[in-house]
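These figures come from a predicted structure and were not determined experimentally. Each ligand, and each atom within it, is numbered from 1 in the order the structure gives.
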Amino acid sequence: MKFLKTVSLDQAVNLLNQHCTLPRENEMVKLEDSLGRCLFADLLASEDIPYYNRSTVDGYAVVSLTTQGASESIPVVLKSLGSIPIGTMTTTQVTPEATLYVPTGGMVPQGADAMVMIEDTRVLDDLVLIQKSVPPGSNLVLQGEDVAQGQLVLPKGHCLKSQDIAALASLNQLQVPVLKRPNVIIISTGDEFASPQEELTDGKIRDINSHSLAALCRETGLNPVGTTLVRDDLEEIRSAIRQGLDQADLVLLSGGSSAGERDYTKQAILDLGGDILFHGIRIKPGKPTIGASIQGKAVIGLPGHPVSAMMLFKTLVTDFFREQTRSQVPRVMVKARTRVNFPSQPGRLTCQFLTLSEQDGELFCQPYYSNSALVSQLTQAQGFTLIPEEAEGLDAGTVVDVILL
Ligand code: AMP
Ligand code: MG
């Protein structure tokens with residue numbers, strides 16, 4: 001059996017998009033459970049933040065015009081009207097002749113348009129000496145200046161980070177509409193896995209992909225609802241896929257996706273009436289990848305090699321998810337200059353691992369070479385860059401996009 005339907009990565013993503021769907025459904029989650037989830041609706045501010053003109057210092061609320069020319073030697077003398085405790089409001093008006101004490105975060109009273117810091121004042125009985133002039137708007141935040149009522153706070157599709165949780169908390173948005181995470185079944189195929197209770201013996205390995213793919217699903221916004229280990233057996237693989245389709249929106253297999261004697265993934269999909277959209281992607285590592293559609297659901301056969309499986313998840317599966325759900329799954333990228341020539345394999349999109357270093361304030365990258373069968377490279381390398389199919393490597397000194405791992 002040969003790879004008959006070899007495609008580029010972009011073509012592979014497009015084929016999956018054209019023939020398969022992932023559900024786009026809404027659910028409400030508590031604010032504290034919303035980290036990493038993608039918004040299902042634009043979030044608009046339901047109220048002004050701050051809700052009132054708010055002092056940013058401990059000091060005195062004044063009419064700024066009256067402070068003109070004030071200095072330590074010639075202070076402006078105002079009458080004290082008392083103070084406003086934090087968390088309360090007052091109806092007392094500030095006038096050109098009088099002032100009120102306001103703590104940091106407290107409400108700036110009516111009539112005042114600026115705050116004078118306490119360090120620039122002196123108190124004499126019921127008088128306050130203002131020793132510095134302040135322009136209008138000094139040391140305060142106006143009502144709605146942070147966020148005005150009705151303003152777009154976060155757009156639909158945005159995936160929530162800790163700072164977004166802060167923004168939502170400030171708006172008292174305790175229930176958040178998010179994309180329901182599509183369910184995924186993960187199937188690892190192979191005769192070589194030792195069970196977790198078993199000691200390793202010659203020829204046996206640990207199953208990595210169930211764990212790494214489940215973690216990638218969680219990181220991306222997919223919900224891994226089950227992982228299964230099956231042997232290199234056509235009937236076992238078929239029945240695992242069939243069950244997976246009953247339980248999930250997406251079936252991910254790893255291993256058995258190549259064109260060898262005991263690679264049954266493709267046959268199992270065909271037996272279930274599936275449509276093979278592509279077999280083989282022009283990418284390195286990760287060529288033996290299968291994309292198929294069974295009754296409109298995507299079944300993706302990833303290479304068994306753990307590094308390849310992860311890279312194909314980070315590219316193919318993530319792009320498919322992004323486009324189907326219109327989620328802006330963050331991809332942390334930096335620009336770096338290549339320190340040396342980077343070789344690549346023309347005709348294949350080369351995913352080159354690299355390490356980063358800084359020199360004179362500029363970020364440089366160098367290839368991280370390792371035997372592609374070593375999983376350690378994913379923890380040792382700091383990122384990777386994608387060298388286009390048509391390029392014959394990269395010259396030293398080229399500025400490239402680095403996707404951080
Ligand atoms: P395959 O794609 O099935 O030919 O597997 C390619 C290589 O990846 C072989 O060396 C397998 O032993 C290894 N491999 C396949 N599946 C896994 C897995 N779930 N965990 C770790 N290694 C795997
Ligand atoms: Mg195998």
**Q** Whether the side chain of T265 engages the backbone of G255 through a donor-acceptor N/O pair (distance < 3.5 Å, no angle test) should be reported.
**A** yes

**Q** So, does R262 sit close enough to ligand 1 that a heavy atom of it is under 4.0 Å from the ligand?
**A** no

**Q** Could you note down all residue pairs passing disulfide (SG to SG under 2.5 Å) where residues 257-299 supplies at least one of them, sequence neighbours left out?
**A** none

**Q** Checking a contact table here: which protein heavy atom is nearest atom 22 (N) of ligand 1, and how many Å away?
**A** I205 CD1, 3.4 Å

**Q** Heavy-atom contacts with S188 under 4.0 Å: which atoms of ligand 1 show up? List them by number with element.
**A** 19 (N)

**Q** If you scan the protein for heavy atoms around atom 3 (O) of ligand 1, do you find one that is closer than 4.0 Å?
**A** yes

**Q** Around atom CD of E358, are there more than 12 heavy atoms from other residues, nucleotides or ligands closer than 6.0 Å?
**A** yes

**Q** So, is the end of the K156 side chain (NZ or CZ) under 6.0 Å from the ring centre of F40 and within 45° of the ring's axis?
**A** yes

**Q** Has Y51 got more than 12 heavy atoms of other residues, nucleotides or ligands less than 6.0 Å from its OH?
**A** no

**Q** Below 4.0 angstrom from a heavy atom of F193, which ligand 1 atoms are there? Numbered from 1 as shown, please.
**A** 16 (N), 17 (C), 18 (C), 19 (N), 20 (N)

**Q** Out of curiosity, is P306 lining ligand 1, as in a heavy atom under 4.0 Å away?
**A** yes

**Q** Say whether I208, considering both its backbone and side-chain N or O atoms, lies within less than 3.5 Å of an N or O atom on ligand 1.
**A** yes

**Q** Among pairs that include at least one residue of residues 324-340, which meet salt bridge (charged side-chain N to carboxylate O under 4.0 Å, His left out), considering only residues two or more places apart or in two chains?
**A** D319-R331, K335-D401, R337-E362

**Q** Evaluate the salt bridge (charged side-chain N to carboxylate O under 4.0 Å, His left out) criterion for residues D191 and R231: first the C-alpha distance (whole Å), next the side-chain angles of each, then the deciding distance (0.1 Å), finally the verdict.
**A** CA-CA 5 Å; D191 288 334; R231 304 181 64 78; 3.7 Å; yes

**Q** Does D207, backbone or side chain, put an N or O under 3.5 Å from an N or O of ligand 1?
**A** yes

**Q** Looking at atom 7 (C) of ligand 1, what's its closest protein heavy atom, distance included?
**A** H305 N, 3.9 Å

**Q** Using a strict 4.0 Å cut-off to heavy atoms of R206, name the atoms of ligand 1 that fall inside it.
**A** 20 (N), 21 (C)

**Q** Are side-chain N/O atoms of S64 and D113 paired as donor and acceptor at under 3.5 Å?
**A** yes

**Q** Will you find, in the side chains of T56 and N139, an N or O donor that is under 3.5 Å from an N or O acceptor?
**A** no

**Q** Which heavy atom of the protein is the closest neighbour of atom 1 (P) of ligand 1, given with residue, atom name and distance?
**A** G256 N, 3.7 Å

**Q** If you measure every N or O of E192 against every N or O of ligand 1, does any of those distances drop under 3.5 Å?
**A** yes

**Q** Can you tell me which residue and heavy atom of the protein come closest to atom 23 (C) of ligand 1, and the distance to 0.1 Å?
**A** G304 O, 3.4 Å

